[in-house]
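See below for the structure under consideration.
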Number of protein chains: 2
Amino acid sequence: MGASLVQRLELEGAEVQWHRQMLRALPAIRTPRRPVDAVICDIRLPDGTGEELYETLTRTGHPPAFLFITGQGSIDQAVRLIRSGAMDYIAKPFDLAQLLIRLTQVMRPRAEQEMPPESGISEAARAIDRQVGDAAGRDTPVLLRGGPGLGKLRLARRIHDHSDRRAAPAVVIDAIGGTVDRASLAGAISDVGEGSLIIVGVGRLTSDCQDLLLAALRKADFRLIATAGLRLDEKVADHFRSDLLSLLTSHEIVVPALSERPEDAVWLAGRLFPAMNARRASPLNGIAASAEEAIRAHDWPGNGRELRARLLRAVEAAVGDLVLTSDLFPERSGDAGLRSLAEVRDAAERSQIAAALERTGGQVGEAAKLLRVSRTTLWEKMQKLGL
Amino acid sequence: MGASLVQRLELEGAEVQWHRQMLRALPAIRTPRRPVDAVICDIRLPDGTGEELYETLTRTGHPPAFLFITGQGSIDQAVRLIRSGAMDYIAKPFDLAQLLIRLTQVMRPRAEQEMPPESGISEAARAIDRQVGDAAGRDTPVLLRGGPGLGKLRLARRIHDHSDRRAAPAVVIDAIGGTVDRASLAGAISDVGEGSLIIVGVGRLTSDCQDLLLAALRKADFRLIATAGLRLDEKVADHFRSDLLSLLTSHEIVVPALSERPEDAVWLAGRLFPAMNARRASPLNGIAASAEEAIRAHDWPGNGRELRARLLRAVEAAVGDLVLTSDLFPERSGDAGLRSLAEVRDAAERSQIAAALERTGGQVGEAAKLLRVSRTTLWEKMQKLGL
DNA sequence: TTCAAGTGTTCGGGTTTCCGAACATGCCAA
DNA sequence: TTGGCATGTTCGGAAACCCGAACACTTGAA
């Protein structure tokens with residue numbers, strides 16, 4: 001089984017070491033040649049147990065993410081290991097695809113990796129990263145399109161920073177935060193020199209500015225990187241110059257909404273978490289599994305920006321040692337409202353019983369008469385309601 | 001087994017409630033009469049699973065420490081629950097002594113967090129206190145959101161008074177009491193200097209004022225602390241600038257309604273009482289048990305402000321040596337003759353059903369789900385109650 | 001002391017409540 | 001027209017609720 005696991009992981013592009021004995025694995029994890037992202041570990045090893053290994057590692061430092069796999073696991077052991085920080089504990093036989101998903105969630109992105117995932121781990125996100133890298137290699141105008149909060153400006157900067165113009169400045173013009181007039185656009189164009197002009201919300205440019213921009217593109221030697229919302233096409237009918245539009249759309253990168261790739265939302269949360277957690281007085285242990293599920297299910301109309309804001313608040317608000325769903329979505333506790341029928345019924349009975357007892361001075365029999373129930377029934381209810 | 005557990009725990013000096021069904025346990029944990037330290041929960045319950053119960057609780061708030069006990073547990077489930085924040089997961093048969101040890105371990109740290117409560121004793125209130133303290137340590141704009149009468153302005157002041165800007169003034173602008181025009185906002189901004197600008201009801205600012213505020217935030221060195229109602233998001237479609245909104249919501253604190261944490265209502269009443277009582281010529285002895293019950297059951301649409309007003313009136317009007325329900329809710333005492341238990345039960349059900357139907361827009365099936373009864377049952381009740 | 005009255009508690013039964021299944025109906029969209 | 005989808009309605013069985021009848025107590029007054 002080990003062999004097939006190694007084979008599969010290498011197929012996925014991972015660099016894998018396989019140790020058959022605990023004593024061999026110990027130094028390989030403690031003083032690795034290259035940083036270890038994750039350890040997949042059987043419990044039964046010829047010269048000890050996986051638990052021992054993990055135990056030894058936690059005594060001296062912070063081990064990498066551990067995923068235990070075991071043939072005859074005990075619940076006891078699972079609880080113990082998870083509580084002491086192991087990432088997972090899976091009983092054989094297990095689903096390999098499941099394991100791979102957990103692995104990608106768990107792995108910390110490596111800085112020195114050749115092509116680290118920037119936008120996410122989904123197919124769509126990797127496609128974005130490829131297209132951005134591709135755009136950096138070219139020198140044509142680029143249009144980044146997508147909903148709000150998807151980091152389009154960050155992508156624009158990355159295109160510039162990896163392009164041949166990286167030595168020249170990147171000037172950002174924001175047509176969404178404030179209006180851009182002819183003068184400020186002209187100023188930006190003269191500032192940019194041979195660098196990249198980044199226009200945020202290009203669809204909001206006035207006709208004046210569109211003319212100016214088109215003229216400048218013909219004369220001056222700068223590169224245009226523009227961002228726009230999803231509704232750009234509709235602008236054409238309105239006031240947007242079709243020749244500028246076709247110039248932009250000839251090379252456009254569409255960033256899909258976060259809700260279309262839920263695995264990226266979870267991944268992003270895991271990536272943002274450590275930095276936020278570091279600011280806490282009492283650090284948290286992580287994000288609860290149920291909260292991750294809620295992240296996956298949420299719509300994220302504000303995309304990455306919303307996720308960042310929510311997570312920040314959640315990390316501040318968390319009470320125990322995990323971020324829970326209610327920390328991320330506190331507004332739901334209100335609309336989840338509307339207590340159940342049994343609940344309001346009990347509440348009504350409780351207050352009425354209390355009032356009756358008050359009136360009779362604690363005489364149960366009398367109170368029962370007031371409430372028109374038998375003494376026994378009243379007694380039962382008092383038991384049930386804890387009075 | 002439940003009985004022996006209860007017996008043993010009471011022998012150890014604990015106060016124990018034993019619920020045999022999930023639907024009964026849910027309200028007892030969510031709106032407890034006294035704060036719950038820990039929950040010991042079987043997985044198999046007659047009307048659901050312990051996992052469901054826990055999941056429901058984490059969706060809307062911070063549950064107390066959970067220890068699961070189960071006959072046929074799975075490792076999968078154990079891992080999932082522990083990763084969602086459960087404290088333990090024990091397979092039967094288990095060692096009672098072991099369980100007690102784990103219980104004390106779990107409850108010890110709770111006793112140590114000795115921050116005196118400011119907003120209340122519930123988990124939600126403690127989370128608010130933490131977030132407010134945290135916000136005081138930062139210097140970013142803060143938004144306090146919640147219904148009316150929850151003391152948002154008081155919290156805003158507390159943030160300022162504990163922040164590094166406490167030596168500088170805190171200027172309050174109220175957009176709810178009266179309209180705020182451009183001139184008065186500009187005046188406040190120039191007055192505030194390097195202090196904190198507190199805007200009450202930020203959602204009511206005119207477009208003019210929003211522009212001015214945004215511009216000032218870029219130029220001047222003051223801190224913005226804003227409060228708003230729950231419906232802020234809906235304002236966006238209307239007239240609220242989305243960039244200002246995203247700036248505010250990047251750090252927001254949501255204050256839950258008092259009706260969602262009845263134990264805080266009782267606590268608050270107990271806290272306000274002595275000062276009010278001191279002003280009486282003949283001091284009272286306290287608040288009657290039935291009155292406390294009524295406080296717990298009341299909806300408190302006006303939240304803390306309503307509670308304060310009612311209690312003040314009640315303390316002034318009380319004739320005996322206790323504050324009674326009729327002092328707090330004089331409008332109810334019209335029908336003096338204590339209605340029967342069945343009557344109040346039906347009345348409570350009727351209003352709750354009406355509320356549910358209101359929310360679902362008349363959809364019976366949906367309403368039944370909200371009320372946690374079957375569609376058939378709801379239909380029967382509607383027949384009986386004439387709805 | 002004794003008796004009466006009240007409370008805490010259990011038990012067996014009759015009655016109501018609750019639910020899921022089933023089926024007919026009406027309504028809307030494809 | 002047809003095929004969902006939600007509602008209106010009935011039905012049978014399981015679970016609950018409710019009650020009276022007991023019985024063992026405590027309390028307090030005669």
Side-chain angles (χ1 to χ4, degrees), chain A residues 338-387, chain B residues 1-11 15-28 42-50 52-53 56 289-290 293 338-387:
Chain A
L338 221 43
R339 286 172 295 199
S340 77
L341 215 45
E343 229 167 311
V344 295
R345 215 167 38 202
D346 287 354
E349 285 194 345
R350 191 201 299 264
S351 70
Q352 189 71 353
I353 290 173
L357 286 173
E358 191 77 31
R359 185 170 295 199
T360 61
Q363 294 230 344
V364 180
E366 277 305 303
K369 244 176 270 175
L370 273 182
L371 299 170
R372 315 274 187 96
V373 292
S374 76
R375 198 176 60 87
T376 337
T377 302
L378 180 56
W379 181 82
E380 259 178 15
K381 284 195 183 299
M382 285 168 64
Q383 288 287 108
K384 197 181 81 180
L385 301 172
L387 287 171
Chain B
M1 198 198 76
S4 76
L5 207 51
V6 169
Q7 194 181 19
R8 178 60 192 270
L9 287 170
E10 278 175 347
L11 213 67
E15 185 185 328
V16 189
Q17 279 184 48
W18 181 17
H19 299 278
R20 286 161 190 78
Q21 291 159 49
M22 187 177 77
L23 285 177
R24 294 224 183 284
L26 194 61
D42 203 329
I43 291 289
R44 292 190 67 133
L45 301 171
D47 57 345
T49 69
E52 270 176 75
L53 175 64
T56 313
S290 68
E293 205 52 64
L338 212 46
R339 288 176 301 176
S340 79
L341 213 45
E343 267 173 313
V344 295
R345 214 169 38 201
D346 287 353
E349 283 194 346
R350 166 182 261 121
S351 73
Q352 189 72 355
I353 289 174
L357 285 173
E358 177 87 18
R359 182 173 295 203
T360 61
Q363 294 228 341
V364 180
E366 277 305 302
K369 237 180 270 172
L370 273 182
L371 298 170
R372 309 255 172 93
V373 293
S374 76
R375 199 174 59 86
T376 329
T377 303
L378 179 56
W379 181 81
E380 264 178 10
K381 283 194 184 300
M382 284 167 66
Q383 291 285 105
K384 199 181 78 181
L385 300 172
L387 285 171

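Every chain is numbered from 1 and lettered A, B, ... according to where its sequence line falls, protein lines coming before strand lines. Bear in mind the structure is a predicted one, so any value in this text is a computation, not a measurement.
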> When the distance from CG of Asp346(A) to P of dT17(C) is rounded to whole Å, what number comes out?
Replying inline: 15 Å
>> For a 4.5 angstrom cut-off between non-hydrogen side-chain atoms, does Leu341(A) reach Gln352(B)?
In response: yes
>> Please report the distance, rounded to the nearest Å, between CZ in Arg375(B) and P in dC19(C).
In response: 12 Å
> In whole angstroms, how far is the P atom of dT16(C) from the CD atom of Glu380(B)?
Replying inline: 12 Å
>> Rounding to an integer number of Å, can you tell me how far Ile353(B) CD1 sits from dT17(C) C1'?
In response: 13 Å
>> Looking at Thr377(A) and Val373(A), would you say the former's side chain and the latter's main chain have a donor-acceptor pair under 3.5 Å?
In response: no
> How many angstroms lie between CG in Asp346(B) and CZ in Arg345(A), if you round to the nearest 0.5 Å?
Replying inline: 9.5 Å
> To the nearest angstrom, how far is Lys384(B) atom NZ from dT15(C) atom C1'?
Replying inline: 13 Å
In a table with atom names and distances, give each donor-acceptor pair under 3.5 Å that connects a side chain of residues 378-387 of chain A to protein atoms at least two apart or in another chain.
unit_1, atom_1, unit_2, atom_2, d
Lys381(A), NZ, Glu349(A), OE1, 3.3
Lys381(A), NZ, Glu349(A), OE2, 3.3

>> Could you work out how much the helix from dT1(C)-dA30(D) to dA30(C)-dT1(D) bends, comparing the axis of its first five pairs with that of its last five, to 10°?
In response: 30°
>> Pick the closest DNA chain C nucleotide for Glu366(A) and for Arg345(A) by heavy atoms, then say which residue is nearer the 5' end.
In response: Glu366(A)
> Heavy atoms under 4.0 Å, any strand shown: does Gln363(B) hit a base, just sugar-phosphate, or nothing?
Replying inline: sugar-phosphate
> Do you know the tightest heavy-atom contact between Ala367(B) and Thr360(B)?
Replying inline: N-CG2, 3.6 Å
>> Reading DNA chain D in the 5' to 3' direction, which nucleotide is the first one with an atom under 4.0 Å from a heavy atom of chain A, and which is the last?
In response: dC17(D) to dA22(D)
> Under the 3.5 angstrom rule, does the side chain of Glu366(B) hit a backbone N or O of Gln363(B) as a donor-acceptor pair?
Replying inline: no
> Taking atom C1' of dT17(C) as reference, at what distance in whole Å does atom CD of Glu349(A) sit?
Replying inline: 14 Å
> In whole angstroms, how far is the P atom of dG6(C) from the CG atom of Leu357(A)?
Replying inline: 15 Å
> If each of Ser374(A) and Val364(B) is mapped to the nucleotide of DNA chain D with the nearest heavy atom, which maps nearer the 5' terminus, i.e. the 5' end?
Replying inline: Val364(B)
> To the nearest 0.5 Å, how far apart are CG in Leu26(B) and OG in Ser340(A)?
Replying inline: 7.0 Å
> Does atom CD of Glu358(B) have more than 12 heavy-atom neighbours, drawn from other residues, nucleotides or ligands, at distances under 6.0 Å?
Replying inline: no
>> Just verifying a value: how many Å separate Leu357(A) CG and Ile353(A) CD1, rounded to the nearest 0.5 Å?
In response: 7.5 Å
